[in-house]
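Proteins get letters first, then strands, A, B, ... in listed order; numbering begins at 1 in each.
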2 protein chains.
Amino acid sequence: MATMRQIAAAAGVSAKTVSRVFNDDPHVLPATRERVESIMRELDYVPNSLATAFRSGRPSVIGVAVPDIVDPFFAEIARAVERTARDHDMSTLVTSLGDDPDRERAVLEPMLRRQLAGVVLAPIGDDQSSLAAWASRTPFVFVDRAPGRLTADAFTQDDFGGAFAATTHLVEHGHRRIAFVGDQLALPTTAERLRGYRAALTEAGLPADEGLIALGAATREGAAGALAAIASRATALFSSNAVCTMALLPALAEQPLPLVAFGDFPLAELLRPSVSVITQDPEALGRLAAERIIDRLDRPDARYRRSTVLPVHLVERDSCRAGAATPLSRAIAPGAPPPR
Amino acid sequence: MATMRQIAAAAGVSAKTVSRVFNDDPHVLPATRERVESIMRELDYVPNSLATAFRSGRPSVIGVAVPDIVDPFFAEIARAVERTARDHDMSTLVTSLGDDPDRERAVLEPMLRRQLAGVVLAPIGDDQSSLAAWASRTPFVFVDRAPGRLTADAFTQDDFGGAFAATTHLVEHGHRRIAFVGDQLALPTTAERLRGYRAALTEAGLPADEGLIALGAATREGAAGALAAIASRATALFSSNAVCTMALLPALAEQPLPLVAFGDFPLAELLRPSVSVITQDPEALGRLAAERIIDRLDRPDARYRRSTVLPVHLVERDSCRAGAATPLSRAIAPGAPPPR
DNA sequence: TTGTAAGCGTTATCAG
DNA sequence: CTGATAACGCTTACAA
């Protein structure tokens, strides 16, 4: 772990000259440069990045905090942030928040104590007001989920529109009793999707039936319970997010129901029936969020639109069709290629 | 962004006293302490972690470098590292290496330039000798994949034994022509699994048929090609890793073959037929690797067994059974609960 | 072209 | 109990 001074001593120059050589400052005699360079190689010199970072004062790390890095949706956000950061000579700190909103702040704080250029955050709670003090120090950019009780940059997707489209799609397939299955309303995404679902029903002139709304479906048990609660009244299902959709699958095998789900997931198109989904763009969310952080770093006084909403798309597969010739519970497996 | 000196000035004490207060040093008069604390609150003091880290010289970040953070196997490793790091007041830097071995080093270096306690690495190439210089500075702990041409800590799983068990399992189901489908032999895992496959065939007194070995199956196209290459000769299939298995699924739907796969994956038990797999333990890999890094930090002179191999387990589902009453191509979907 | 001095924010040492 | 001083490794400003 040779330091600059040690190189300088060995080369018989001052530390500053070593610094100049290392940073390709032209004001160094070729002979001096060569001598210093050879010593640097010999002693395997690598600058202490902590010292450099400390000295420069410019943060070179972006934080990513998501509910769970194992969820491919959030992993894709993290990967996009990391790529973007890398392109700007920055690194990425990642943390999984877990599922207890009360611990959100505790998990976040150790990360915030570091000098970060910013934090890309998909929160698990509905109130980030306690982060306000940190926000003045480290810019937050929310992704997927809008901030609660806090003003901050946000890149979200059209939750309302996606849910509206999904529900309308089921209406167009002739369904009149469509259930909404989700996790918790505390999540802004779930709340917005419920709004979209309701709006679509209203638009179609269908009655609002609270008995068709089932929450707590993020686990298999919860999903089975939710399905049981609505199964007798519903002829079709809108699943509000991918975690719920995957949790629903076992129960749906027993009790098939036409389905459109918010959020694509691996193998969705290989299941039978393949699952119709509203697709999001996590790569874009992560990339845009990271770019915003870098922009803010470069131009601290620039002003930005706080909230950006990305479009979503309905990908029609088989699960939205009413049980046709082949009932849902006895279709083909494990995975023909998708229609398109 | 108040500094310690500013707090000190405002409180009419020296910086050192502020430091003492902040670090709960008992040698401070209660009155002094209170005055300083109130000023700290007032000015919203947060210590500059860069300065602290620089000063202490103790690295407080662990790096994680995996082929792709979106792959749930590697994401789980990363999550385990992060949890372990967090328990020790450390943070986690994550990077995805991609799939080009020639870029492995280039992607790693920016991360290595930082002062890291160590790097948890699942390499994509088969030669890490060029990292030797870095290894003396930052300890590497390899996970899943053993190092190539480099001596370093490694936590891997029993690739040989798992492949042996999977192949033997198919033999016990009466198969005599079992194909091996994998990605590339440059990966030490693939090479070991191929050895285990071959050993199982030998043990069973079956001939080695090179025509039953197909590589390059990490993409759908590659997997379809691999399957086409062996389909006419094979009556069953051993897939060497989860990426290949998932890539194989579309082609297998057209051309069903009994299958045991190395590596569990989401929804494997919900496909029809559910996929029999050799399960690994990515959580343990990540946790053990992170603990090793922390151990080495605490006790630089301790000696460790370089290589630790974790056991794997065969989880028997339906795909290993020969096409029974219900042919593979027309089974049930999308997902009854697993047998157990 | 090269070197000296000073300082980034924190903490260890040692004095008072 | 409290404070002055120095130091971590590097770079900027200024001199020589």
- What residues form a salt bridge (charged side-chain N to carboxylate O under 4.0 Å, His left out) with B:R5, not counting sequence neighbours? none
- Query: Can you give one letter per nucleotide of nucleotides 1-8 of chain D, 5' to 3': B if a protein heavy atom sits under 4.0 Å from the base, S if only from the sugar-phosphate, - if neither?
  - Reply: SBBB--BB
- Item | Boundaries of the chain A footprint along DNA chain C (any atom under 4.0 Å from a heavy atom) | C:dT1 to C:dG9
Let me have the donor-acceptor pairs involving side chains of residues 26-35 of chain A, under 3.5 Å, with sequence neighbours excluded, atom names and distances please.
unit_1, atom_1, unit_2, atom_2, d
A:R33, NH2, A:D25, O, 2.6
A:R35, NH1, A:A11, O, 2.3

- salt bridge (Lys or Arg N to Asp or Glu O under 4.0 Å) contacts in which one or both residues fall within residues 97-107 of chain B, not counting sequence neighbours: B:R105-B:E109
- Task: Any ring pair (Phe, Tyr, Trp, His ring centres under 6.0 Å) involving residues 103-156 of chain A? Give me the pairs, sequence neighbours left out, ordered by first then second residue.
- Result: none
- Task: Would you check, one step at a time, whether the test side-chain contact (heavy atoms from CB on, under 4.5 Å) holds for A:R149 with A:Q128?
- Result: CA-CA 6 Å; A:R149 303 175 163 277; A:Q128 282 77 46; over 6 Å; no
- Query: Quick one: ring pair (Phe, Tyr, Trp, His ring centres under 6.0 Å) pairs with a partner in residues 31-64 of chain A, sequence neighbours left out?
  - Reply: A:F22-A:Y45, A:F54-B:F54
- Query: Quick one: ring pair (Phe, Tyr, Trp, His ring centres under 6.0 Å) pairs with a partner in residues 62-87 of chain A, sequence neighbours left out?
  - Reply: none
- Pairs satisfying salt bridge (Lys or Arg N to Asp or Glu O under 4.0 Å), at least one member in residues 280-292 of chain A, at least two apart: A:D153-A:R292, A:E283-A:R287
- Item | Qualifying residues under side chain to side chain contact (heavy atoms under 4.5 Å, CB included), relative to A:R114, sequence neighbours excluded | A:L93, A:L116, B:S49, B:S60, B:V61, B:S91
- If you fit an axis to the five pairs at each end of the helix from C:dT1-D:dA16 to C:dG16-D:dC1, how big is the angle between those two axes, to 10 degrees? 50°
- Pairs involving residues 82-91 of chain B, ordered by first then second residue, that meet salt bridge (Lys or Arg N to Asp or Glu O under 4.0 Å) (sequence neighbours left out): B:E82-B:R86
- Think A:Y45 has a side-chain N or O under 4.0 angstrom from the OP1 or OP2 of D:dG9? no
